[in-house]
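Structure first, commentary second.
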There are 2 protein chains.
Amino acid sequence: MAFTDNSPIVLNTQIAPVPSGARPATGAARIPSPTFYPAGSEIYAQGERCQGVYRVEFGAVRVYRLLADGRRQISGFHLAGEMFGFEADDTHHFFAEAICATGVTITRTARTAEMSCHLLPMALEGLVRAQEHLLVLGRQNAVERIAAFLTDMAERQGGLKQIELPMTRSDIGDYLGLTIETVSRVFSKLKQSGVIRLPGLRTVEIVKWQSLHDMAA
Amino acid sequence: MAFTDNSPIVLNTQIAPVPSGARPATGAARIPSPTFYPAGSEIYAQGERCQGVYRVEFGAVRVYRLLADGRRQISGFHLAGEMFGFEADDTHHFFAEAICATGVTITRTARTAEMSCHLLPMALEGLVRAQEHLLVLGRQNAVERIAAFLTDMAERQGGLKQIELPMTRSDIGDYLGLTIETVSRVFSKLKQSGVIRLPGLRTVEIVKWQSLHDMAA
DNA sequence: CGGTTGGTTGATCATGCTCAAATTTGGTGG
DNA sequence: CCACCAAATTTGAGCATGATCAACCAACCG
């Protein structure tokens, strides 16, 4: 694969042919075509000028920060239909990358009251989500973190028992504050105890929903 | 002290004589008198109806969540002049308590565009703050967490080298995802190495600013 | 096929937690 | 001012969870 996690290659300007099903659902007069990002490519970088807010049309995005020594904290994953890229000032404080082949539309945010009206509920949702994630990182052990993660992903995919995880184990680790080895071990343990099945590397089937939910504490 | 951390005693309705210096700085026609909360009293509880957003006039507030077994994660501290209590829907998802004697004004949030215009920047600031805290909880060790905490508190108190910490070690631990013992040990180590001095239990003097800043990574 | 990337598993180690016991602090009443 | 008390904090010893280091395995792709 030509695009690694920290690839400096940016293809923002490349507009792919848009799948008909992936067009934005808004009834706006001018429909913005999604920009296409290949797996691993950068959507924006920390320090860059903030253009507006983003919406995932298809694919998945990771938003993260880095420490000087390379430690990474993923603050959130964003799936199809979700918004990301909110900032307090006009500078990006985080990095955003496509996890897999991803289409993104950008909405330029004029600082109008009308715009704020649309943005506020989304910003608040993001705030509550981040604050709930603080509880996971601050006070839950490895099993609880993974259980909470799987429960959350399942709910965001419509409560299906078969869920797709576009991200790698390394991404999951950097989201949950765990190492890749610990993530793998907990997955194995959950499989062993019959709570989940792993039909493929990126597929999880939740067998004992209640057990998983209870573990998330 | 009659008010313990989880005291069910609520004195919301009690309006104290307002110190002249503590009046809200807004030039609004009707100046809302701050409601007075004694140390340890509840401002709102998880599950309660959300009335609006709050502003600390004097004192300090902790906002937190609880797990079923009593583990607590403080998502943030709010000092004089800061806002808190933003929610995505009309229900409180967190608890809020006065850390010490505290005055709070509440602003009822009509869902108007004009209001959103004021609220959005604050919500976004809270969002960025929460996301930055995720990095601390997910990827930093005990010393880095304490250093980041002290640096943050110092900056929020105007960059003074002498800072006041209204919260207990237990609060700090529950904010940083550490035990009270670990917090105490790190404070001792920082004192030993001459980075800080501890003139009183609630007072920290930062001696080697650069060292502390470097430790925060 | 060989090479690369991502994932799993095992052995050992270290950071921070738990349990327990001093010690300090701040408040209160004599 | 001082003795006393409860709460908060500090310190110590041992332990457990998850990290680190290392080897191995599987899928994918030229």
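Note on naming: letters A, B, ... go to the chains in the order of the sequence lines (proteins, then strands), and numbering restarts at 1 for each one.
- Under 4.0 angstrom from either OP1 or OP2 of C:dG6 there lies no side-chain N or O belonging to A:Thr168.
- Set against D:dT9, C:dC17, D:dG12, the side chain of B:Glu181 has D:dG12 as its closest nucleotide.
- Side-chain nitrogen and oxygen atoms of B:Arg169 include at least one within less than 4.0 Å of the OP1 or OP2 phosphate oxygen of D:dT10.
- Residue contacts shown for A:Gly200 are absent, as no nucleic acid heavy atom lies under 4.0 Å away.
- The distance from atom CZ of B:Phe187 to atom P of D:dA8 is 16 Å, rounded to the nearest whole Å.
- Whole-Å rounding puts the A:Gln140 CD to D:dT17 C1' distance at 15 Å.
- Contact annotation for B:Ser188: backbone-only contact, meaning every heavy-atom pair under 4.0 Å involves sugar-phosphate atoms and none involves a base.
- Taking atom CG on A:Leu198 and atom C1' on C:dG6, their separation rounds to 14 Å, with Å as the unit.
- As a whole-Å value, the separation of B:Ile180 CD1 from D:dT11 P is 13 Å.
- If you take CG of A:Leu201 and C1' of C:dG7, they are 6 Å apart, rounded to a whole angstrom.
- Between A:Glu144 and A:Met215 there is no side-chain heavy-atom pair separated by less than 4.5 Å.
- Straight-line distance from the CZ atom of A:Arg185 to the P atom of C:dT8: 11 Å, rounded to whole Å.
- No engagement by A:Gly173 is indicated, since no non-hydrogen atom pair under 4.0 Å with the nucleic acid exists.
- Note: B:Tyr175 and B:His133 meet the aromatic proximity criterion, with ring centroids under 6.0 Å apart.
- Within 4.0 Å (heavy atoms only), B:Arg202 reaches sugar-phosphate atoms of the nucleic acid but no base atom.
- Without hydrogens or angle criteria, A:Thr151 side chain to A:Ala147 main chain gives a donor-acceptor distance under 3.5 Å.
- Regarding A:Leu190, its CG atom lies at a distance of 12 Å from the P atom of C:dT9, rounded to whole Å.
- The CD1-P distance, from A:Ile99 to C:dG6, rounds to 13 Å in whole Å.
- By the 30° and 60° cut-offs, the orientation of the rings of A:Tyr64 relative to A:Phe95 is parallel.
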